[in-house]
Number of protein chains: 6
Amino acid sequence: MMLLSGTANRPLSERIARGLDASLCDLTIERFSDGEIFVKINENVRGRDVFIIQPTAPPADNILELLLLIDAAKRASAARVSAVVPYWGYARQDRKDQPRVAIGAKLMANLVTTAGADRVVSVDFHQHQLQAFFDIPVDHLYAAPVLIEHFRDRELDPLVVVASDVGAAKMARGYARRLGGEIAMIDKRRPAHNVAEVVNVVGDVRGKNCLIPDDT
Amino acid sequence: MMLLSGTANRPLSERIARGLDASLCDLTIERFSDGEIFVKINENVRGRDVFIIQPTAPPADNILELLLLIDAAKRASAARVSAVVPYWGYARQDRKDQPRVAIGAKLMANLVTTAGADRVVSVDFHQHQLQAFFDIPVDHLYAAPVLIEHFRDRELDPLVVVASDVGAAKMARGYARRLGGEIAMIDKRRPAHNVAEVVNVVGDVRGKNCLIPDDT
Amino acid sequence: MMLLSGTANRPLSERIARGLDASLCDLTIERFSDGEIFVKINENVRGRDVFIIQPTAPPADNILELLLLIDAAKRASAARVSAVVPYWGYARQDRKDQPRVAIGAKLMANLVTTAGADRVVSVDFHQHQLQAFFDIPVDHLYAAPVLIEHFRDRELDPLVVVASDVGAAKMARGYARRLGGEIAMIDKRRPAHNVAEVVNVVGDVRGKNCLIPDDT
Amino acid sequence: MMLLSGTANRPLSERIARGLDASLCDLTIERFSDGEIFVKINENVRGRDVFIIQPTAPPADNILELLLLIDAAKRASAARVSAVVPYWGYARQDRKDQPRVAIGAKLMANLVTTAGADRVVSVDFHQHQLQAFFDIPVDHLYAAPVLIEHFRDRELDPLVVVASDVGAAKMARGYARRLGGEIAMIDKRRPAHNVAEVVNVVGDVRGKNCLIPDDT
Amino acid sequence: MMLLSGTANRPLSERIARGLDASLCDLTIERFSDGEIFVKINENVRGRDVFIIQPTAPPADNILELLLLIDAAKRASAARVSAVVPYWGYARQDRKDQPRVAIGAKLMANLVTTAGADRVVSVDFHQHQLQAFFDIPVDHLYAAPVLIEHFRDRELDPLVVVASDVGAAKMARGYARRLGGEIAMIDKRRPAHNVAEVVNVVGDVRGKNCLIPDDT
Amino acid sequence: MMLLSGTANRPLSERIARGLDASLCDLTIERFSDGEIFVKINENVRGRDVFIIQPTAPPADNILELLLLIDAAKRASAARVSAVVPYWGYARQDRKDQPRVAIGAKLMANLVTTAGADRVVSVDFHQHQLQAFFDIPVDHLYAAPVLIEHFRDRELDPLVVVASDVGAAKMARGYARRLGGEIAMIDKRRPAHNVAEVVNVVGDVRGKNCLIPDDT
């Protein structure tokens with residue numbers, strides 16, 4: 001196994017490497033004077049099982065850097081390339097909710113596949129359906145167990161888990177079930193891009209400890 | 001434009017044809033003695049814009065009949081083939097919610113594409129993310145406007161739209177907004193396949209007219 | 001190697017497993033109340049060499065079950081998936097013998113490939129050309145050696161092997177050569193689907209033992 | 001429609017053009033000094049429906065010339081490219097009849113598709129299953145009607161149509177049915193490549209007019 | 001024909017539109033608060049011939065914006081989508097000149113194709129071989145005729161066209177031939193990224209007018 | 001590892017095998033009477049790492065033989081197939097330098113990939129950009145180190161390395177740098193196919209030892 005890290009979140013990659021008692025592969029990632037990214041893998045990856053860690057949050061240089069690293073690894077005859085993407089950018093563009101828009105999350109999935117990834121590892125997709133945007137295997141991890149462990153130690157009873165919007169109701173239900181609480185929901189409506197307007201709380205929160213999970 | 005109908009819901013196809021003031025293309029759809037489906041298109045489709053109407057609810061003979069019709073149309077040099085699928089089967093298998101299961105909805109999308117469909121027309125996908133399971137264009141229609149028109153004429157005030165489970169919260173919100181009501185949610189937990197156990201009603205329904213939309 | 005069995009012919013799978021001194025992998029194959037098939041592989045297949053045994057005779061639920069199992073195995077990161085299909089359904093729809101029909105056998109080949117199979121193992125394709133419908137490797141086995149062994153022990157001389165129709169002439173010749181007999185042929189004409197009408201026996205069968213091989 | 005001709009059988013292309021009252025597109029097809037083929041289309045094909053006539057009998061320069069012409073037409077933005085292949089080379093390599101051989105006929109089909117052909121037009125494939133080697137539409141023509149017309153005018157009664165080997169039995173039956181005769185079959189065995197050894201005549205030919213159709 | 005413009009060089013798109021006596025299609029291109037790009041096409045493109053103008057110079061948001069626009073147009077059922085890319089980013093990463101680097105220019109070509117472009121229009125690729133990185137048609141335009149027209153009007157005799165490095169020798173020769181001059185070459189060696197060190201002038205430039213074409 | 005050799009340059013394959021202390025796999029490569037090539041691999045390659053050595057210089061039978069061998073190896077379940085192509089035919093057709101020509105070098109790359117090669121090994125591509133015509137890994141070797149070793153032993157000072165045309169300037173520079181000499185260039189213009197007309201020597205060659213590398 002070889003562990004490669006892009007530049008989007010190098011400290012995270014280092015913590016992953018430490019956790020695996022492994023070291024990060026020696027890479028050169030530079031910029032040409034015009035801003036183009038140059039990548040070079042400085043160790044032999046021929047026949048190796050390569051993991052490339054890079055979240056794909058904006059700017060797009062992050063996704064492109066990931067794609068260039070995948071391309072370099074494949075052309076250097078790596079046996080298998082797994083894209084480890086802790087945060088999957090453009091995940092909310094996962095459907096056409098109005099005519100003539102793009103589905104950015106699917107585009108991202110296609111780009112990673114086209115570049116040559118054999119597998120994707122990611123955490124808590126905004127919608128779990130994102131797994132199905134791929135024809136390659138996806139190892140989809142959940143942060144919830146770690147977080148639930150954390151909250152179980154606190155005394156939160158009586159607890160109500162509040163979904164921050166209708167799309168989060170399922171996640172809230174999961175936390176409530178595992179922590180032993182009720183659920184409620186904020187009926188938020190977003191009349192325009194980036195504008196959030198709370199309208200109503202559905203369910204009973206009076207006098208209870210509120211936990212509001214959010215996957216953003 | 002040529003309109004073809006599979007056998008899964010022929011009366012619906014006939015109503016669609018009438019609505020378009022068109023007639024259904026002459027087809028032969030038979031069974032061999034061993035149960036294999038035989039399809040033949042009895043009119044020339046060369047260079048034509050072909051629409052094939054077939055819901056893909058079980059049994060799987062419905063999806064296979066659709067695929068055979070697409071195959072026949074493509075090999076007969078149709079210019080474009082649109083799969084019109086009023087009910088998209090296996091839509092709930094849209095993610096891996098446990099290890100080592102299939103994602104049936106994505107498989108279905110791949111089958112239709114592989115058979116040669118150039119476009120899909122469907123109504124109210126169980127999850128709208130299903131649009132992104134395709135790389136071909138999807139025209140995704142909504143039944144809501146028709147239904148809302150229907151309920152607006154009744155006097156439902158005070159109204160609460162109740163989501164039948166957490167996954168339906170978004171749909172409930174949409175109806176509530178358009179019909180001018182509150183929302184509530186049934187916090188149902190399904191401990192095993194096909195077993196539904198209602199646990200709790202989140203939100204206030206006392207003394208109100210309850211509308212429970214369901215997309216199944 | 002892991003051996004998985006669909007439900008189409010479970011006893012056969014068990015005999016294969018016994019013959020290999022192996023056990024069948026633990027699977028869940030169930031139906032939802034609406035008839036949709038649910039599959040789950042209950043053992044770890046990551047990095048394993050997986051064989052899925054399922055004939056694809058009608059109804060189409062058999063082929064769909066196979067596709068779902070392939071999908072589940074691939075998404076669970078199996079190293080290789082071989083579809084073992086003792087009977088290849090739709091094999092006789094192997095060409096366009098009239099305008100605007102489908103080529104079901106090729107469609108089946110494409111479906112299995114699209115679902116993710118890396119290899120196919122099958123027995124006595126109706127036409128051997130079916131091997132070429134695939135771009136993945138096909139291990140095509142022959143039942144003849146087993147059957148010939150069987151008939152050699154009997155005293156069939158003087159023997160004539162009779163092809164049940166013109167398409168079977170080649171197979172008859174193979175048996176005749178190995179068993180040391182003559183060949184004859186029934187010149188059967190099928191004026192309509194599923195209707196067989198014998199017309200003539202070509203060759204000399206008088207006073208001989210007749211062996212009529214058939215691959216259906 | 002634009003008609004292009006390779007060099008494999010230019011007189012045939014010219015007869016086709018005359019039959020269609022069309023002219024052949026101006027092409028340059030030359031050889032570099034090292035034997036490499038150079039093709040150039042000298043008329044504008046942008047947005048046009050292009051037909052390229054070229055049989056693919058050996059040597060392989062014929063198939064390569066066809067592929068280069070397809071490539072040139074596609075890159076010049078032709079709307080559609082049909083490969084018109086009166087004789088489909090390597091048609092007899094249509095299955096693996098022994099281990100570790102190639103399936104040349106399928107390879108040929110893949111090459112033509114990869115080069116960019118949208119459709120294939122051909123005549124009397126050695127096996128009709130060859131149609132199914134393609135995922136693009138195939139217009140498969142039959143020479144039989146023309147030939148039968150020819151023989152019907154002669155007085156051939158009593159007639160027996162003799163299949164030159166077991167693989168030709170089906171074709172013989174077709175001729176016999178249309179010309180009103182019996183069928184017989186030569187049971188030829190080919191112990192090694194290119195060596196044909198007649199063994200036996202199956203059926204009664206004594207005193208009859210024999211017609212032996214062959215598709216080579 | 002519909003003309004869409006990304007934001008990378010909007011003034012250029014406007015000049016192209018004016019030159020064609022056309023107007024630019026109404027688009028929404030915005031940023032979410034986290035920097036993700038949102039695109040929406042505000043006019044109907046169904047069945048239309050769409051051209052999207054966007055150079056792909058860094059940052060990578062430019063290429064991603066192009067891909068999102070292509071995706072939106074395809075999913076909105078445009079008949080054909082042409083990517084008009086006046087400057088093709090990453091063009092110099094067109095080969096592996098050292099081990100384990102990416103080939104960025106090919107990656108870019110694959111991304112544009114995967115997103116759904118049917119055709120590419122570009123100007124003066126850094127290496128003309130870039131045309132062959134695509135399997136879709138490329139209309140590759142040359143700036144030289146315009147520039148040569150410009151210089152022909154000046155009195156440059158005696159002229160020597162100087163290649164700025166060995167890779168530019170071919171381009172210099174082209175200008176020299178058309179403008180009627182000699183050629184020379186700067187034998188520049190680049191010992192490290194982004195560092196240029198002139199070493200030698202090959203050819204005779206003394207007392208002549210020097211023209212140094214560069215495609216960057 | 002298994003080493004297979006086509007017939008294009010069998011002595012070279014034998015020298016490669018000797019150099020690797022390996023033996024060539026037993027193959028049958030024959031011609032049918034009509035000129036079609038028949039290939040059979042006579043040793044088991046299932047699960048093996050197969051290398052097929054065959055230059056693809058004209059005639060096209062060489063490339064077709066290579067494709068048939070790849071096809072045979074893949075269908076026989078080889079684990080990996082590498083095409084070792086010491087001379088890559090059609091390398092000079094690497095761009096559209098005039099309208100409506102083919103790009104033969106890219107077509108060749110697509111053919112080898114379609115036939116099933118997993119990797120390509122070649123030497124000194126005419127243009128290094130050819131590496132990017134592939135999406136599979138290419139191991140591109142250089143002959144220069146061997147040749148430079150050869151010339152270093154001779155006393156060539158004062159040396160000038162002369163590019164035989166403008167396209168060879170880069171290669172000449174490489175030799176000059178490693179052998180410690182100047183460079184010059186022949187400004188050759190080719191007014192028609194296969195006609196070379198020297199026009200001018202750019203740079204100073206008087207009284208020096210001239211080395212003219214050529215990759216043809």
Side-chain angles (χ1 to χ4, degrees), chain C residues 90-97 99-110 113 125-135 137-140 142 160-163 165-174 176-177 181-189 191 199-205, chain D residues 90-97 99-110 113 125-135 137-140 142 160-163 165-174 176-177 181-189 191 199-205:
Chain C
Y90 284 82
R92 269 159 311 182
Q93 297 193 26
D94 60 1
R95 70 200 179 284
K96 285 175 64 176
D97 53 358
R100 285 165 261 115
V101 298
I103 305 186
K106 179 61 157 88
L107 176 64
M108 288 284 168
N110 287 353
T113 303
F125 279 140
H126 180 66
Q127 291 286 336
H128 294 183
Q129 283 74 16
L130 242 156
Q131 300 166 32
F133 291 17
F134 296 87
D135 287 318
V138 176
D139 282 316
H140 183 236
Y142 296 86
V160 59
V161 184
V162 185
D165 63 15
V166 289
K170 210 160 198 167
M171 182 169 52
R173 206 258 317 255
R177 193 187 303 165
E182 299 295 310
I183 68 174
M185 183 169 63
I186 297 173
D187 180 19
K188 184 177 57 187
R189 296 171 197 191
V199 167
N200 199 9
V201 173
V202 179
D204 186 15
V205 299
Chain D
Y90 284 80
R92 269 159 311 181
Q93 297 193 23
D94 59 2
R95 70 199 178 286
K96 284 174 66 176
D97 53 358
R100 286 167 261 115
V101 297
I103 305 187
K106 178 62 156 86
L107 176 64
M108 287 284 168
N110 287 353
T113 303
F125 278 140
H126 180 66
Q127 291 286 337
H128 293 183
Q129 283 74 15
L130 241 157
Q131 299 166 31
F133 290 17
F134 296 87
D135 288 318
V138 175
D139 282 315
H140 184 237
Y142 296 86
V160 58
V161 183
V162 185
D165 62 17
V166 289
K170 210 161 199 166
M171 180 170 53
R173 204 257 316 256
R177 192 188 302 164
E182 300 295 311
I183 68 175
M185 184 168 64
I186 298 172
D187 180 18
K188 183 178 57 185
R189 297 172 197 189
V199 166
N200 199 7
V201 173
V202 178
D204 186 16
V205 300

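Everything numeric in this text was worked out from a predicted model, so none of it was measured. Labels below follow one simple rule: chain letters A, B, ... track the order of the sequence lines, proteins then strands, and each chain is numbered from 1.
Of the atoms belonging to C/Gln129, heavy atoms from both backbone and side chain fall under 4.5 Å from chain D. Only the side chain of C/Tyr142 comes within contact range of chain D, with heavy atoms under 4.5 Å apart. Only the backbone of D/Phe134 comes within contact range of chain C, with at least one heavy atom under 4.5 Å from a heavy atom of that chain. For C/Asn110, the part sitting under 4.5 Å from any heavy atom of chain D is the side chain, from C-beta outward, and nothing else.
Qualifying salt bridge (charged side-chain N to carboxylate O under 4.0 Å, His left out) partners for C/Arg95, counting only residues two or more places apart in sequence or in other chains: C/Asp97. With sequence neighbours excluded, no residue satisfies ring pair (Phe, Tyr, Trp, His ring centres under 6.0 Å) with C/Tyr90.
Taking 4.5 Å as the limit, some side-chain heavy atom of C/Gln131 sits within range of a side-chain heavy atom of D/Ile103. Looking only at side-chain heavy atoms (C-beta outward), C/His128 and D/Asp94 stay at 4.5 Å or farther from each other.
For the side-chain contact (heavy atoms from CB on, under 4.5 Å) test with D/Glu182, the passing option among C/Asn200, C/Val202, C/Asp187 is C/Asn200; the others fail.
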Does the pair D/Asp204 and C/Asp204 meet the rule for a side chain to side chain contact (heavy atoms under 4.5 Å, CB included), with working shown? CA-CA 9 Å; D/Asp204 186 16; C/Asp204 186 15; over 6 Å; no
D/Lys96 and C/His140: side chain to side chain contact (heavy atoms under 4.5 Å, CB included), yes or no, with the steps? CA-CA 9 Å; D/Lys96 284 174 66 176; C/His140 183 236; over 6 Å; no
Checking side chain to side chain contact (heavy atoms under 4.5 Å, CB included) for the pair D/Met185/C/Val166: CA distance, chi angles, key distance, verdict? CA-CA 10 Å; D/Met185 184 168 64; C/Val166 289; over 6 Å; no
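For the set C/Gly203, C/Ala132, C/Ala109, the entry with the most heavy-atom pairs within less than 4.5 Å of chain D is C/Ala132.
Ion pairing between a basic and an acidic side chain is recognised when a charged N comes within 4.0 Å of a carboxylate O; C/Asp135 and D/Lys106 show such pairing.
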